[in-house]
Engineer: 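Please see the structure below; I have some questions.
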Amino acid sequence: MTLKFIARLRSSRVVVQDQLEVPDQAAVGGGGDGEDCCWAKLPPELLREVLLMIEDSETRWPQRKTVVACAGVCSSWRLIVKEIVKFPEISGKLTFPISVKQPGPKDGLLHCFIKRNRSTHTYCLYLSLTNALTDDGKFLLAARKHKRPTHNDYIISLRAEDMSRGSSSYVGKLRSNYLGNRYTILAGQSAHTGSKMAKNHSPRLPNLKHASSKVHFVNYSMAHISYELEVFGSRGPRRMQCIMGTIPTASTAPEEPARARSEFSGLNTDIFQSNPIAHSEPASMGNFLSGSLCGQKNGALVLINKAPRWNEQLHCWCLNFHGRVTVASVKNFQLVASPENRKIVLQFGKVGKDLFTMDYQYPISAFQAFAICLSSFDTKVACE
């Protein structure tokens, strides 16, 4: 009976786009929140059992669309799905839009890759679906470079076709200085989170034709990246550090308790509407290059690039990427919490002309990892 139910659910009229997102209310059959449809009247015990089976069976994309569809049926389904779908740091799965802003898995690197389009100055992040270096992938995030007179901005979005800051798909941005050796990761938060529906208790807003689709965001600094300046024309591997302002140093401890997380917000208009991440006071960029690269900044986690070794036979600097990187490039790097800590938090490297692998894990998120990798693409006037 349960298998027939799942088959019927898959063939139902629930619409799920090929994006990492929750279906819109208008795409779900039934009333305003799906409460009038037949699926909402199932016994809670049976519903929970079925949803648990779906969660356990649909472990990879694109099959995981079914889990997303279940969250869009009605509020009762959504509450159960919210309860049974674990955070990425525990499950190792990216399911809902908020997953890209949550810490990665604790038990190993999550394999992703980035495609670069030189003509449009765009970059797309995909979740790897197989162990191969190249596959179709599951789209996660997109970014576009905007050149300014004194700096560059990389706007990061959930949709490749809509990368404007005023869009509801806006996630954040990466901003550089003129020399390309200092960067700030800015995360977007809706300026009026939770206020849209407060003025009207109906789930369907009246006069939709007069409503503006533009969403006003405020940006807060969540990390700083710096590249060490090359002095007197010296050449060699890049040296970088990342001050993760919203992640404490203790997060890399073996028994660190789960820190505050943003919750999946169901079918709200703002897909990132959630309990805001704790904001830390950003470190001064003027102090980035003073002192040791390994120094701690106000208790925030500091990631540094793992030092490569010189290979006499190949006559080049080398890092062990365990087969995930195949082309030598100055952009390739691995980030660790300290020289003594061998746990790689993020690694990035070239595998083709415009194809790069990006593997990350706890305590950083896909959004943070993507932004850090974008900094490696940027031109660095004084660093090389």
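Numbering of residues begins at 1 and proceeds along the displayed sequence. Note: hydrogens, waters and symmetry copies are ignored here, and every other heavy atom, side chains too, is used. Keep in mind that this is a model prediction, so the values were computed, not measured.
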Engineer: According to side chain to side chain contact (heavy atoms under 4.5 Å, CB included), who are the partners of D162, at least two apart in sequence or on a separate chain?
Structural biologist: R159, S164, S167, S169
Engineer: Answer yes if V330 and V327 sit in the same cluster of Ile, Leu, Val, Met, Phe, Trp and Tyr residues linked by side chain heavy atoms under 4.5 Å apart, and no otherwise.
Structural biologist: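 Cluster IDs for V330 and V327 differ.
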Engineer: Side-chain heavy atoms nearer than 4.5 Å, only ILVMFWY residues, links allowed to pass through others: does that put L110 and I247 together?
Structural biologist: yes
Engineer: Output every pair passing salt bridge (Lys or Arg N to Asp or Glu O under 4.0 Å) with a member in residues 342-356, not counting sequence neighbours, ordered by first then second residue.
Structural biologist: R116-D354, R118-D354
Engineer: Any side-chain heavy-atom pair from I364 and L303 closer than 4.5 angstrom?
Structural biologist: yes
Engineer: So which atom in R60 and which in S128 form the shortest heavy-atom distance, rounded to 0.1 Å?
Structural biologist: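 Reported closest heavy-atom pair: NH2-O, 4.1 Å.
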Engineer: Taking all non-hydrogen atoms of both residues into account, name the closest pair between H151 and S176 and its distance.
Structural biologist: CB-O, 2.7 Å
Engineer: Who else is in L319's hydrophobic cluster (ILVMFWY, side-chain heavy atoms under 4.5 Å, direct or via others)?
Structural biologist: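 Traced through the cluster, L319 reaches F321, V325.
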Engineer: Any pair with a residue in residues 323-359 that passes ring-ring contact (aromatic ring centres under 6.0 Å, His included), sequence neighbours left out, goes on the list, sorted by first then second residue, please.
Structural biologist: F333-F348, F348-F356, F348-F377, F356-F377
Engineer: Can you tell me how far the CG atom of N311 sits from the SG atom of C316, to the nearest 0.5 Å?
Structural biologist: 6.0 Å
Engineer: Enumerate the salt bridge (Lys or Arg N to Asp or Glu O under 4.0 Å) contacts for residues 313-329, please, sequence neighbours excluded, ordered by first and then second residue.
Structural biologist: R324-D359
Engineer: Check whether any side-chain heavy atom of R238 sits under 4.5 Å from a side-chain heavy atom of K331, and report yes or no.
Structural biologist: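 Yes, at least one pair of side-chain atoms sits under 4.5 Å.
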Engineer: Would a distance-only check, ignoring hydrogens and angles, find a side-chain to backbone donor-acceptor pair under 3.5 Å from S376 to C373?
Structural biologist: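 Answer holds: no.
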Engineer: May I ask you to decide if I344's main-chain N or O and Q361's side chain share a donor-acceptor pair within less than 3.5 Å?
Structural biologist: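 Looks like yes, one N/O pair under 3.5 Å.
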Engineer: Out of curiosity, does L335 fall in the hydrophobic cluster containing I185 (side-chain heavy atoms, cut-off under 4.5 Å, transitive links)?
Structural biologist: yes
Engineer: Indicate yes or no for a side-chain donor-acceptor contact from N177 to the backbone of R182 under 3.5 Å, with no hydrogens or angles considered.
Structural biologist: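 Side chain of N177 to backbone of R182, a donor-acceptor pair under 3.5 Å: yes, one is there.
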Engineer: Indicate yes or no for a side-chain donor-acceptor contact from Q334 to the backbone of N320 under 3.5 Å, with no hydrogens or angles considered.
Structural biologist: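 Yes.
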Engineer: Nearest 0.5 angstrom please: I84 CD1 to M53 CE, how far?
Structural biologist: 11.5 Å
Engineer: Can you tell me how far the CG atom of L127 sits from the CZ atom of F139, to the nearest 0.5 Å?
Structural biologist: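 So the CG of L127 and the CZ of F139 are separated by 12.0 Å.
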Engineer: Using distance alone, with no hydrogens and no angle criterion, decide if Y227 and N305 have a side-chain donor and acceptor under 3.5 Å apart.
Structural biologist: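 Checked: Y227/N305 side chains show no N/O donor-acceptor pair below 3.5 Å.
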Engineer: Taking the side chain as C-beta and beyond, is there a heavy-atom pair between F113 and V351 under 4.5 Å?
Structural biologist: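 No, side chains not in contact.
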Engineer: Could you state the interatomic distance from CD1 (I243) to OG (S221), rounded to the nearest 0.5 Å?
Structural biologist: 9.5 Å
Engineer: Before you tell me yes or no, could you show the steps for R64 and V85 under side-chain contact (heavy atoms from CB on, under 4.5 Å), namely the whole-Å CA-CA distance, both residues' side-chain angles and the distance that decides it to 0.1 Å?
Structural biologist: CA-CA 11 Å; R64 204 147 176 80; V85 174; 4.1 Å; yes
Engineer: Hey, any chance L46 and V81 share a hydrophobic cluster, counting ILVMFWY side chains that come within less than 4.5 Å of each other, even indirectly?
Structural biologist: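 As far as the 4.5 Å side-chain criterion goes, V81 and L46 are connected within one cluster.
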Engineer: So, taking the atom named CD1 in I156 and the one named OH in Y123, what distance separates them when rounded to the nearest 0.5 Å?
Structural biologist: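 Going from the CD1 atom of I156 to the OH atom of Y123 covers 11.5 Å.
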Engineer: So, for Y360 and A369, which heavy atoms are closest and what is the spacing to 0.1 Å?
Structural biologist: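 Answer, listing the atom of Y360 first, then A369: CB-CB, 3.9 Å.
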Engineer: What's the shortest heavy-atom distance between Y170 and G188, and which atoms?
Structural biologist: CE2-CA, 3.8 Å
Engineer: Tell me the closest heavy-atom pair linking T59 and K93, and the distance in Å.
Structural biologist: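 For T59 and K93, the tightest heavy-atom pair comes out as CG2-NZ, 3.9 Å.
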Engineer: P363 and P103: which non-hydrogen atoms are nearest, and at how many Å?
Structural biologist: O-CB, 3.7 Å
Engineer: Using a 4.5 Å cut-off between side-chain heavy atoms of Ile, Leu, Val, Met, Phe, Trp and Tyr, which other residues end up in the same hydrophobic cluster as M163?
Structural biologist: none
Engineer: Can K86 and E55 be said to form a salt bridge (charged side-chain N to carboxylate O under 4.0 Å, His left out), step by step?
Structural biologist: CA-CA 10 Å; K86 304 301 181 185; E55 165 64 13; over 6 Å; no
Engineer: side-chain contact (heavy atoms from CB on, under 4.5 Å), that's the test. Do L355 and K115 meet it? Break it down for me.
Structural biologist: CA-CA 5 Å; L355 188 63; K115 290 183 178 180; 3.6 Å; yes
Engineer: Are the side chains of L346 and M358 in touch, meaning some heavy atoms are under 4.5 Å apart?
Structural biologist: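 They are in contact (side-chain heavy atoms under 4.5 Å apart), so the answer is yes.
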Engineer: Evaluate T326 against T357 for side-chain contact (heavy atoms from CB on, under 4.5 Å), listing each step before the verdict.
Structural biologist: CA-CA 10 Å; T326 58; T357 56; over 6 Å; no
Engineer: With a 6.0 Å cut-off (strictly less than), is the heavy-atom count around CG of D56, excluding the residue itself, greater than 12?
Structural biologist: yes
Engineer: Should Y183 and L186 be counted in the same cluster of Ile, Leu, Val, Met, Phe, Trp and Tyr side chains packed under 4.5 Å apart?
Structural biologist: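 Per the 4.5 Å side-chain linkage, Y183 and L186 are not co-clustered.
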Engineer: Evaluate L94 against K138 for side-chain contact (heavy atoms from CB on, under 4.5 Å), listing each step before the verdict.
Structural biologist: CA-CA 10 Å; L94 301 180; K138 176 70 184 77; over 6 Å; no
Engineer: Going from CG on D153 to CZ on R175, what distance comes out if it is rounded to the nearest 0.5 angstrom?
Structural biologist: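 If I round to the nearest 0.5 Å, the distance is 4.0 Å.
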